[in-house]
Amino acid sequence: MIAPNRKNKHATGSVLVYTLIILVISSILFSGFIRVITSQIQYANKKVTQERALHAAESGIYFYRWYLAHQVEGRTKQQIQDFWENGSPFGVDVPYVSEYEGIGEYSITVTPPNGNSTVAMVESTGYLYKDPSRIRTIRVRFRQPSWSEFSVLCDSDIRFGDGTEVQGPIHSNGGIRFDGVAHNVISSARETYDDPDTVAVDMRDGVWTSWTNEYNANMGSDVFLGGKEFPKTGPSFNGVTADLAFMKGESGCLTPGSYCTDRSSNGNLYFNDSNLGRHITLNSNGTVSVRKVKNVDAYNDITKETSATSYTIPNNGVIFVEDDVWVDGRVDGKMVTVVAADMSGGSQKNIYLKKDILYTRYDGSETIGLIAQNNIDVIKSSEDDLRIDAALIAQNGRVGRPDYGTSDHKSRITVFGSLATRGRYGFAWTNGAQDWGYTTRDIVYDNNFLYTPPPYFPTGTHYAIDLWEEL
């Protein structure tokens with residue numbers, strides 16, 4: 001009789017134990033693998049849903065850009081204002097909801113421009129029907145480019161002499177010779193032009209400098225610190241006429257082709273063409289002092305005027321004078337635009353500057369706009385150190401200081417804001433051997449004008465996107 005092989009039985013039992021252990025471990029690993037795969041699939045589905053929700057939100061933004069283009073481009077300032085106030089624009093009072101490719105929706109809410117702002121804020125929220133809890137929201141700022149966005153805007157050939165330092169962007173529809181220091185982009189609508197400051201035909205690039213290697217040795221700096229761009233299309237000065245007519249109506253004179261009586265009722269402020277014009281002093285208490293100008297000298301300095309009448313600065317900020325205007329003073333927390341224009345077919349009107357025009361806070365809560373149908377002139381008796389905190393427009397003339405002769409010398413003029421001039425601007429003169437006028441000319445761009453230009457200031461008729469962020 002053969003005895004049982006205990007060794008074999010022991011071996012067989014060990015194999016079974018090992019097999020069970022391997023099966024248990026494999027089962028655990030397989031279950032974990034399945035969980036990982038399932039988790040990855042769920043994560044991928046979540047990411048796809050979130051990505052498609054973002055696409056839905058983006059679709060809403062693109063729709064609203066198309067919608068604004070069809071509603072406002074090519075319209076006048078008054079028509080654009082009527083659209084926002086009376087045209088029931090999509091998304092303003094009630095969210096605008098639309099389907100996205102049959103798989104979801106986007107919902108648009110809009111904060112329209114208010115006060116003097118040129119900005120509309122648009123939020124678009126997208127989601128899918130299969131998982132509406134996973135939403136994505138995009139906020140975009142639509143902005144109408146304003147004329148006050150340029151430190152200098154010109155409609156003709158222009159020259160910036162040695163000693164000029166400019167902080168903001170510059171554009172001319174003519175050519176630009178720039179011999180100072182520019183801290184922002186200098187652009188021209190011309191690819192080449194004949195420089196008018198040379199006797200012979202002298203064809204130059206649309207933007208150029210007479211300094212060798214574009215380095216201004218006198219100021220110790222490169223000339224074009226922000227670069228240059230040409231040819232580049234700029235705005236048309238002809239379109240300002242419609243803006244002036246609109247502002248006249250906003251000032252209370254609703255008859256476009258004729259004069260009205262002076263009025264200050266219902267928050268409006270309009271003055272007609274009686275006497276030689278008006279002397280307007282801006283006051284820091286929220287009022288303006290207005291005097292009728294009775295007589296001026298050969299250099300347009302006032303020699304006789306009436307006593308002042310005080311008026312509250314209108315809520316809409318527009319002071320319209322259908323005559324020449326002399327402006328000075330200071331504002332505190334107010335936004336105001338002073339217009340000198342004859343919309344009734346008379347001679348084109350000017351604005352004259354002699355004393356400082358100032359802000360108090362410099363925090364964006366104050367803006368001043370000066371718009372002349374013809375020239376904005378700094379007169380001969382102007383202050384030696386003159387500061388103008390304002391955006392200036394000379395629609396058909398030029399911003400500058402007339403040639404008062406070689407014996408006329410002033411120290412410094414600072415424009416903190418912007419200027420737009422149809423003709424060639426300038427506060428100094430030269431004959432090559434000597435200079436006169438203001439020795440130092442500083443043009444410092446007011447960045448607050450980017451989003452809050454002066455009341456009713458001319459703007460483009462399209463809305464550009466300058467902010468895109470996901471909330």
R204 and D195 ion-paired at < 4.0 Å |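 Answer for the salt bridge query: no.
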Salt-bridge test for K410 and D384: reply yes if a basic N is under 4.0 Å from a carboxylate O, no otherwise.
->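 Salt bridge between K410 and D384, a charged N being under 4.0 Å from a carboxylate O: no.
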Is there side-chain contact between [X] and [Y], with at least one heavy-atom pair below 4.5 Å?
X    : Y    : answer
R412 : D442 : yes
R278 : E305 : no
R361 : E366 : yes
D389 : V331 : no
D323 : D342 : no
K248 : E322 : yes
T125 : Y106 : no
I368 : L282 : yes

For the residue pair [X] and [Y], what are the closest heavy atoms and their distance?
X    : Y    : answer
T337 : P455 : OG1-O, 2.8 Å
I61  : F142 : O-CZ, 4.2 Å
S381 : D301 : OG-OD2, 2.9 Å
P196 : R424 : CG-NH1, 4.2 Å
P454 : T367 : CA-OG1, 3.6 Å
A420 : V399 : O-CG2, 3.8 Å

Sidechain-backbone polar pair: W326 side chain, T281 backbone, donor-acceptor under 3.5 Å |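 It does not hold such a pair.
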Hey, is the main chain of P314 close enough, under 3.5 Å, to the side chain of N268 for a donor-acceptor pair?
->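 Answer holds: no.
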Is it the case that more than 12 heavy atoms not belonging to [X] sit under 6.0 Å from its [atom1] atom?
X    : atom1 : value
E191 : CD    : no
N315 : CG    : no
Y299 : OH    : no
N213 : CG    : no

Does the side chain of [X] come under 3.5 Å of the side chain of [Y] through a donor N or O and an acceptor N or O?
X    : Y    : value
S418 : D446 : no
Y438 : S382 : yes
S124 : E58  : no
R422 : N396 : yes
W208 : Y193 : yes
T452 : N448 : no
N295 : T303 : yes
D435 : H409 : no
K349 : S347 : yes
R141 : Y451 : yes
D179 : N216 : no

Tell me whether the centres of the aromatic rings in [X] and [Y] are closer together than 6.0 Å.
X    : Y    : value
Y362 : F416 : yes
F246 : Y456 : yes
Y96  : Y67  : no
W211 : F178 : no

Criterion ring pair (Phe, Tyr, Trp, His ring centres under 6.0 Å) on Y64 and Y463, from CA distance to verdict | CA-CA 11 Å; Y64 212 82; Y463 278 88; 9.3 Å; no
Among F427, Y425, F224, whose ring-ring contact (aromatic ring centres under 6.0 Å, His included) with F160 holds?
->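 In the set F427, Y425, F224, the residue that makes a ring-ring contact (aromatic ring centres under 6.0 Å, His included) with F160 is Y425.
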I393 and W147: CA distance, side-chain angles, deciding distance, side chain to side chain contact (heavy atoms under 4.5 Å, CB included) verdict | CA-CA 9 Å; I393 293 180; W147 281 36; 3.9 Å; yes
Carefully, step by step, assess H171 and I176 under the rule side chain to side chain contact (heavy atoms under 4.5 Å, CB included).
-> CA-CA 8 Å; H171 177 84; I176 300 177; over 6 Å; no
Steps toward side chain to side chain contact (heavy atoms under 4.5 Å, CB included) verdict (D377, N350) = CA-CA 7 Å; D377 275 347; N350 305 300; 5.5 Å; no
Between D155 and S172, does a side chain to side chain contact (heavy atoms under 4.5 Å, CB included) hold up when you go through it step by step?
-> CA-CA 6 Å; D155 200 45; S172 176; over 6 Å; no
